[in-house]
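Positions are given from 1, in the same order as the sequence printed here.
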Amino acid sequence: MTVDSLALIIVYLLVQLFANKIISSSVIGRFKWLSFSGGVAVSYVFVYVLPSLHKEQEKLGDTKGLTMESELYMLGLLGLLIFYGVHKAADRAAREHERGEGHFFWIQIVFFALYNMLISYIIFASVIKGIEAVFYGVAVGFHFMAVSHDMWREDSRRYESLGRYLLAVGIMAGWVTGVFAPLPSYVLAIVFAFISGAMVLNVLKKELPSEENAHFKTFLAGSLGYTAIILALKYFFNW
């Protein structure tokens, strides 16, 4: 356990527990905040997640003798399909209940607690350390914040009373597993592939701001700004 990992998990827990207070109290406004967060998340997916998935597929093929060259991509597709099914079931539950999703809200919370746990595990079990881990971790923090806000909009009462704490437990469980009980590298690659597909879906579905809520200039600033910084750091520090 390092100082940077301890600092990062504290930030993640604070973001998860107080995301809506952070957004509502911000002077830049909710729409601009979410647009900026969405821009950073989209950039993170395209300049880090997808290239990293490609590298992991190549490494797994070299060490395990895989021949299809797409095994991890199929796991990513599986993650996307599973979480898309959860989203569709939530939409159907919301239409069938006058006050939202009924008991299905808690099923969603459990799924996203697992989602948070796997993302947190990937961050803290990864070989990436120091400033690089913190920099990539910032994008994940924005992602946690956007997903939390979306769950809050679906049922603010139940989310505030218990839901946010269950999601925070997921983050904490991923940190504990990643720091104190890391799994073999090929298992880490499998988990990364699965959660990458789910993250792609959640970023595009939950973090791309809808037309009526979007602030395009802020979204563009978040996306292009994060991309420019990450490419510069990769160039100068050979990340």
Side-chain angles (χ1 to χ4, degrees), residues 1-19 41 44-45 48-66 71-80 82-83 86 106-145 147-148 151 162-203 239:
M1 183 174 60
T2 60
V3 174
D4 53 343
S5 70
L6 185 60
L8 202 55
I9 186 60
I10 292 173
V11 170
Y12 283 167
L13 292 175
L14 291 175
V15 164
Q16 182 63 77
L17 293 173
F18 304 107
Y44 178 75
V45 164
Y48 177 72
V49 173
L50 296 181
S52 296
L53 186 58
H54 179 69
K55 290 180 182 178
E56 292 297 334
Q57 178 64 58
E58 288 185 329
K59 287 194 296 185
L60 197 62
D62 291 339
T63 57
K64 298 296 180 181
L66 302 178
E71 290 85 357
L72 292 185
Y73 290 101
M74 288 189 291
L75 284 172
L77 175 62
L78 178 63
L80 187 149
I82 288 175
F83 276 84
V86 172
W106 295 116
I107 297 177
Q108 266 208 111
I109 287 290
V110 170
F111 263 91
F112 277 99
L114 176 62
Y115 176 77
N116 284 1
M117 183 187 75
L118 293 178
I119 292 179
S120 180
Y121 168 75
I122 289 296
I123 292 292
F124 294 108
S126 174
V127 295
I128 298 173
K129 301 297 181 184
I131 298 299
E132 186 177 0
V134 172
F135 184 76
Y136 289 133
V138 167
V140 175
F142 276 117
H143 181 59
F144 283 148
M145 183 177 294
V147 172
S148 298
M151 297 296 292
L162 182 59
R164 59 177 174 157
Y165 298 106
L166 294 178
L167 296 181
V169 167
I171 294 175
M172 192 69 184
W175 175 73
V176 170
T177 306
V179 171
F180 298 104
L183 298 174
S185 59
Y186 70 91
V187 177
L188 183 65
I190 291 172
V191 174
F192 178 74
F194 176 81
I195 208 62
S196 293
M199 181 177 283
V200 169
L201 173 71
N202 286 315
V203 165
W239 285 4

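- Taking both residues in full, the closest heavy atoms of Q16 and A168 are given as CG-N, 3.6 Å, listed atom of the first, atom of the second, then distance.
- Taking 4.5 Å as the limit, some side-chain heavy atom of L6 sits within range of a side-chain heavy atom of W175.
- Classified by interplanar angle (parallel below 30°, tilted 30° to 60°, perpendicular above 60°), the ring pair F83/F112 is perpendicular.
- Nearest heavy-atom pair, Y121 versus P182, reported as atom, atom and distance to 0.1 Å: OH-C, 4.1 Å.
- Between the side chain of S148 and the backbone N or O of F144, at least one donor-acceptor pair lies under 3.5 Å.
- The stretch residues 164-180 participates, sequence neighbours left out, in these salt bridge (Lys or Arg N to Asp or Glu O under 4.0 Å) pairs: E160-R164.
- At least one side-chain heavy atom of V140 sits under 4.5 Å from a side-chain heavy atom of Y44.
- Atom OH of residue Y165 and atom CG of residue L13 lie 12.0 Å apart, to the nearest 0.5 angstrom.
- Residues V203 and M199 meet the side-chain proximity criterion, which asks for heavy atoms closer than 4.5 Å.
- The shortest distance between side-chain heavy atoms of L166 and V110 does not fall below 4.5 Å.
- Within the model, atoms OG of S120 and CD1 of I9 stand 4.5 Å from one another, a figure rounded to the nearest 0.5 Å.
- Separating the CD1 atom in I123 from the CD1 atom in I195 is a distance of 11.0 Å, to the nearest 0.5 Å.
- Between the CZ atom of F111 and the CG atom of L167 there is a distance of 13.5 Å, given to the nearest 0.5 Å.
- The CG atom of L78 lies 5.5 Å from the CZ atom of F194; values are rounded to the nearest 0.5 Å.
- Counting heavy atoms from C-beta on, the side chains of F192 and L72 never come closer than 4.5 Å.
- With hydrogens and angles disregarded, a donor-acceptor distance shorter than 3.5 Å links the side chain of Q57 to the backbone of E71.
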**Request:** Under the side chain to side chain contact (heavy atoms under 4.5 Å, CB included) rule, what do Y186 and K59 come out as? Steps first, then yes or no, please.
**Result:** CA-CA 9 Å; Y186 70 91; K59 287 194 296 185; over 6 Å; no
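- In this structure, CG on L201 lies 11.5 Å from CD1 on I82, to the nearest 0.5 angstrom.
- No side-chain heavy atom of M172 sits less than 4.5 Å from a side-chain heavy atom of Y12.
- The nearest pair of heavy atoms linking P51 to V45 is CD-O, 4.3 Å.
- E56 contributes no side-chain N or O that, together with a main-chain N or O of A189, makes up a donor-acceptor pair within less than 3.5 Å.
- Annotation for A198 and Y115: closest pair CB-CE1, 3.7 Å, computed over non-hydrogen atoms.
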